[in-house]
Amino acid sequence: MPDNTEPCPSCGRPTPVGTRCVYCATVTDLDLKSLQLDYLKQSDAKPPEEPMGQSVVIVVVKTGQKYTLRTAKVKIGRDPSNQVVIPDDTFTSRHHAWITFEESDFWIEDLGSTNGTLLNGHPVVKRQVLSAGDKVRVGHTELTFEVEKN
């Protein structure tokens with residue numbers, strides 16, 4: 001019986017010919033396309049001086065590295081196309097989670113990651129509101145969500 005699999009171009013796992021890898025296909029093409037288009041639109045526009053009248057940052061607890069949130073959608077993961085890149089944590093998915101700013105609130109949503117996203121120690125099952133000081137865990141990496149009013 002012939003082997004009808006080929007290696008996934010992203011992770012190398014055996015995948016049935018003509019299908020997507022079940023491990024890497026955690027975010028639908030539509031979600032990725034929408035996120036990419038939104039990001040490109042926001043990248044073309046001049047970023048606001050201070051987003052939403054506040055200084056908003058994600059801090060990597062272990063290293064102290066800070067990522068300033070400058071757009072209404074920020075993607076977190078290992079892939080270099082993310083706005084918050086966690087390159088050395090193999091337990092973090094390529095496209096792990098995103099933070100959005102909608103209706104005066106910041107929200108976190110898991111993007112179907114392999115190991116899930118935790119907010120203050122609890123699994124993010126559906127999108128949840130973020131507050132200053134919240135701890136977000138993606139893979140083995142802990143992040144702190146910080147908001148400073150201007």
Side-chain angles (χ1 to χ4, degrees), residues 7-16 19-43 45 47-150:
C8 169
S10 296
C11 70
R13 288 185 176 99
T15 304
T19 65
R20 295 180 61 198
C21 173
V22 294
Y23 295 99
C24 294
T26 57
V27 181
T28 67
D29 289 335
L30 182 59
D31 289 340
L32 282 175
K33 186 71 135 178
S34 170
L35 183 61
Q36 290 167 342
L37 289 174
D38 287 348
Y39 184 69
L40 289 173
K41 284 182 203 169
Q42 291 167 350
S43 297
E49 294 300 316
E50 290 299 329
M52 294 66 65
Q54 6 189 19
S55 177
V56 182
V57 295
I58 293 290
V59 180
V60 179
V61 172
K62 187 175 181 180
T63 64
Q65 183 175 7
K66 293 184 178 188
Y67 293 90
T68 301
L69 307 187
R70 300 193 187 282
T71 60
K73 285 187 179 180
V74 174
K75 196 167 48 162
I76 302 167
R78 270 192 351 261
D79 194 270
S81 68
N82 295 304
Q83 292 77 43
V84 176
V85 181
I86 313 293
D88 300 325
D89 183 349
T90 58
F91 290 90
T92 298
S93 294
R94 291 178 307 121
H95 304 286
H96 199 102
W98 65 13
I99 294 174
T100 57
F101 183 74
E102 300 172 47
E103 301 170 6
S104 302
D105 284 318
F106 290 93
W107 299 81
I108 183 132
E109 185 174 356
D110 185 80
L111 293 173
S113 65
T114 303
N115 295 307
T117 301
L118 300 179
L119 175 60
N120 298 321
H122 301 283
V124 175
V125 180
K126 59 180 182 168
R127 74 183 202 138
Q128 294 181 283
V129 174
L130 282 171
S131 301
D134 278 349
K135 301 290 186 191
V136 174
R137 181 173 289 276
V138 294
H140 288 169
T141 302
E142 186 167 299
L143 310 166
T144 302
F145 180 74
E146 296 182 358
V147 179
E148 300 170 357
K149 301 284 184 191
N150 292 333

Side chain to side chain contact (heavy atoms under 4.5 Å, CB included) between Phe145 and Leu69: does it pass, once the steps are laid out? CA-CA 10 Å; Phe145 180 74; Leu69 307 187; 4.0 Å; yes

Once salt bridge (charged side-chain N to carboxylate O under 4.0 Å, His left out) is applied, what residue pairs with a partner in residues 122-143 remain, sequence neighbours excluded? Glu102-Arg127, Arg137-Glu142

Does atom CG of Asp88 have more than 12 heavy-atom neighbours, drawn from other residues, nucleotides or ligands, at distances under 6.0 Å? no

Look only at the side chain of Thr92 and the backbone of Arg78, and say whether a donor-acceptor pair between them is shorter than 3.5 Å. no

Do Asp89 side-chain atoms and Thr141 backbone N/O form a donor-acceptor pair below 3.5 Å? yes

Of all the heavy-atom pairs spanning Val124 and Ile108, show the shortest one and how long it is. CG1-O, 4.0 Å

Closest non-hydrogen atoms of Ser113 and His96, given as atom of the first, atom of the second and distance, are OG-NE2, 3.2 Å

From Gln128 atom CD to Thr117 atom OG1, the distance as rounded to the nearest 0.5 Å: 10.0 Å

Give the C-alpha distance, both sets of side-chain angles, the deciding distance and a yes or no for side chain to side chain contact (heavy atoms under 4.5 Å, CB included) between Ile86 and Leu143. CA-CA 10 Å; Ile86 313 293; Leu143 310 166; 4.2 Å; yes

By the ring-ring contact (aromatic ring centres under 6.0 Å, His included) test, which pairs, at least two apart or in different chains, include something from residues 55-90? none

Val136 vs Ile99, side chain to side chain contact (heavy atoms under 4.5 Å, CB included): CA-CA, chis, key distance, verdict: CA-CA 11 Å; Val136 174; Ile99 294 174; 5.7 Å; no

When rounded to the nearest 0.5 Å, the distance separating OG of Ser55 from CZ of Arg70 is 8.0 Å

Determine whether Phe101 and Thr71 satisfy the following criterion, side chain to side chain contact (heavy atoms under 4.5 Å, CB included), listing intermediate values before the conclusion. CA-CA 8 Å; Phe101 183 74; Thr71 60; over 6 Å; no

Hey, what do you get for CG (Leu111) to CD1 (Ile76), rounding to the nearest 0.5 Å? 9.0 Å

Considering all heavy atoms, the nearest Trp98-Lys73 contact: CH2-NZ, 4.3 Å

What pairs of residues pass the ring-ring contact (aromatic ring centres under 6.0 Å, His included) test when at least one of them lies in residues 111-142, not counting sequence neighbours? Phe91-His140

Side chain to side chain contact (heavy atoms under 4.5 Å, CB included) involving Asp79 - partner list, sequence neighbours excluded: Ser81, Asn82, Arg94, His95

On a heavy-atom basis, which atom in Thr114 and which in Ser93 lie closest, and how many Å separate them? N-OG, 3.1 Å

Please collect all salt bridge (charged side-chain N to carboxylate O under 4.0 Å, His left out) contacts where either partner lies in residues 107-122, sequence neighbours excluded, each pair once. none

